[in-house]
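Below is one structure; the comments refer to it alone.
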Amino acid sequence: MALLDYYRTELKRMAWRIHYHVKKEQNAELLSNFEPILACPGFSQDSDNRLILRQLLNSLSSEIGKEIIYQLYILGKKEKDVAAELQMTQQAVNRWKNKMLKEMKQKIEKSNS
């Protein structure tokens with residue numbers, strides 16, 4: 001029975017690692033879509049980028065989501081700090097972040113088509 005428990009535990013660990021790496025790659029893809037917007041080659045481009053980003057933030061469907069994106073990407077805070085400030089778990093902040101980034105990506109794709 002101990003051997004069965006050992007293999008069950010190892011399989012769970014492997015599945016978790018695979019899931020973690022897939023999520024990490026998905027998040028990297030999401031963030032790569034925002035690199036052109038966040039690049040700052042000059043003052044006018046920087047101003048344009050800030051306006052675009054502000055419009056995207058204002059168009060988000062959730063006030064808490066807006067606040068989380070603002071604090072993470074504009075203010076440069078860490079997830080755990082935002083979580084403590086908003087009195088929620090870091091996992092909840094991460095979920096909101098991912099949800100809002102997906103929404104922003106969809107809005108960008110919609111406006112480009």
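Every value quoted in this text rests on a predicted model; they were computed, and no experiment measured them.
Residues that satisfy the side-chain hydrogen bond (donor to acceptor under 3.5 Å, both in side chains) test with Arg17, not counting sequence neighbours, are absent from this structure. Residues passing the side-chain hydrogen bond (donor to acceptor under 3.5 Å, both in side chains) test with Thr9: none are found, sequence neighbours excluded. Residues satisfying the side chain to side chain contact (heavy atoms under 4.5 Å, CB included) criterion with Gln91, sequence neighbours excluded, are Thr89, Arg95. Under the rule for a side chain to side chain contact (heavy atoms under 4.5 Å, CB included), Ala84 has no partner lying at least two apart in sequence or in another chain. Legend: residues meeting side chain to side chain contact (heavy atoms under 4.5 Å, CB included) with Lys99, ordered by chain and number and at least two apart, are Trp96. Applying the side-chain hydrogen bond (donor to acceptor under 3.5 Å, both in side chains) rule to Glu67 yields the partners Gln71; only residues at least two apart in sequence or on another chain are considered. Among residues two or more places apart in sequence or in another chain, the side-chain hydrogen bond (donor to acceptor under 3.5 Å, both in side chains) test is passed with Glu10 by Arg13.
Residues Tyr73 and Leu101 form a side-chain contact, since some pair of their non-hydrogen atoms from C-beta on lies under 4.5 Å apart. Put simply, the side chain of Leu56 does not reach to within 4.5 Å of the side chain of Ile69, judged on heavy atoms.
Contact detail for Met100 and Ser62: the closest heavy-atom pair is CE-CB, 4.2 Å.
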Give every donor-acceptor pair under 3.5 Å between a side-chain atom in residues 75-83 and any protein atom, sequence neighbours left out.
residue	atom	partner	partner atom	Å
Lys77	NZ	Glu85	OE1	2.7
Glu79	OE1	Asn94	ND2	3.4
Glu79	OE2	Asn94	ND2	3.0
Glu79	OE2	Lys97	NZ	2.9

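With values rounded to the nearest 0.5 angstrom, Lys107 atom NZ is found 6.5 Å from Leu60 atom CG.
Residue pairs meeting the salt bridge (charged side-chain N to carboxylate O under 4.0 Å, His left out) criterion with at least one member in residues 57-66, sequence neighbours excluded: Glu63-Lys66.
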